[in-house]
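One structure is given below, encoded as structure tokens.
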Amino acid sequence: MSTGVPLHANVFVCGVGPRTAKLIAHILSDAGAVRLIRADDEPAGGVTVLTGVDPGIDVSRDALIVQHLLARPKSAPLVVGIGDVRAGTIARQVAMAGRAEELHKVAPGVCLNASRWPGLQGPGDDLVALCAIAACEALDVDQSMIDKGLESFGANIAPTVGAGT
């Protein structure tokens, strides 16, 4: 496999919605060794992606999310989409607890040219793309494979209003 993706790599996506997981799976579709699994089922290793915090979840659960992220192996990259205040606070707590080196914070508002990404034109899709890009880069996926996946994601589907992460 020439993608650079380690055999049996795992990507754990938690947060507000399934679009980031679907995009990562789409980009990695040629790398069959990658598994997308729920955070509560995760073994050691892989990349953890927190796309945001579901506003319906009680704020008291944020401490559990921080504990979960800190429990990840030191070598496992952590990608946190800081598009909402709670996710930003979680990222700050994780960094202050000594995990800043493997923490990749991504925020909406970064200049992206999404004009070639027909399936990523909806509200919140900039954060979806940034989280997926950061996760794939953490897995050493070739940039051309990432670009190809972004361009072909949902190419035959009109964007969903309010799709979000």
Side-chain angles (χ1 to χ4, degrees), residues 1-42 45-57 65 68-69 72 76-91 94 102-165:
M1 174 181 330
S2 63
T3 63
V5 178
L7 190 60
H8 305 300
N10 298 298
V11 178
F12 317 106
V13 179
C14 51
V16 210
R19 279 186 63 80
T20 305
K22 288 178 184 176
L23 178 56
I24 293 169
H26 177 76
I27 292 170
L28 300 175
S29 63
D30 293 334
V34 175
R35 295 189 312 145
L36 286 151
I37 59 179
R38 295 182 331 185
D40 55 347
D41 293 337
E42 68 180 275
V47 176
T48 297
V49 182
L50 175 68
T51 57
V53 182
D54 187 334
I57 294 177
I65 295 171
H68 173 76
L69 294 176
R72 303 284 298 127
L78 305 170
V79 175
V80 180
I82 55 172
D84 62 70
V85 173
R86 288 173 65 190
T89 300
I90 288 170
V94 169
E102 65 270 18
L103 182 64
H104 305 271
K105 295 178 287 187
V106 294
V110 172
C111 293
L112 287 177
N113 180 4
S115 63
R116 295 187 334 241
W117 308 339
L120 295 165
Q121 300 295 312
D125 281 346
D126 55 344
L127 189 58
V128 168
L130 288 167
C131 285
I133 290 167
C136 291
E137 287 175 346
L139 289 170
D140 294 324
V141 174
D142 184 78
Q143 187 62 48
S144 65
M145 187 175 178
I146 295 172
D147 292 341
K148 178 182 169 189
L150 291 167
E151 290 173 12
S152 62
F153 181 72
N156 299 322
I157 304 171
T160 305
V161 174
T165 56

Q. What distance do Leu120 atom CG and Glu151 atom CD have between them, rounded to the nearest 0.5 Å?
A. 11.0 Å

Q) Which heavy atom in Gly81 sits nearest to a heavy atom in Cys131, and how many Å separate them? A) CA-SG, 3.7 Å

**Q.** Nearest heavy atoms of Ile82 and Leu127, plus distance in Å
**A.** N-CD1, 4.4 Å

Q.
To the nearest 0.5 Å, what is the distance between CZ on Arg19 and CD1 on Ile24?
A. 12.5 Å

Q: Quick one: closest heavy-atom pair of Ser152 and His26, and the distance?
A: OG-NE2, 2.7 Å

Q) Are side-chain heavy atoms of Val80 and Val94 found at a separation under 4.5 Å? A) no

Q.
Looking at every heavy atom in both Pro118 and Arg116, which two are closest together, and how far apart are they?
A. CD-O, 3.2 Å

Q | Closest contact, heavy atoms only, Ala134 versus Val106 | A | CB-CG1, 4.0 Å

Q.
What's the separation between atom CD1 in Ile65 and atom CD1 in Ile90, rounded to the nearest 0.5 Å?
A. 4.0 Å

Q. OG1 of Thr48 to CG of Leu103: how many Å apart, nearest 0.5 Å?
A. 11.0 Å

Q: State, with a plain yes or no, whether a side-chain heavy atom of Leu28 is found less than 4.5 Å away from one of Leu139.
A: yes

Q: Mind listing the closest non-hydrogen atom pair of Gly149 and Ile27 along with its distance?
A: CA-CG1, 3.9 Å

Q) Given Leu150 and Leu23, is the side chain to side chain contact (heavy atoms under 4.5 Å, CB included) satisfied, shown in steps? A) CA-CA 8 Å; Leu150 291 167; Leu23 178 56; 3.9 Å; yes

(Q) Distance check, rounded to the nearest 0.5 Å: Leu130 atom CG versus His104 atom NE2? (A) 13.5 Å

Q. Just wondering, do Gln143 and Ile146 contact through their side chains at under 4.5 Å, heavy atoms?
A. yes

Q | Heavy-atom side-chain contact between Lys22 and Val128 under 4.5 Å | A | no

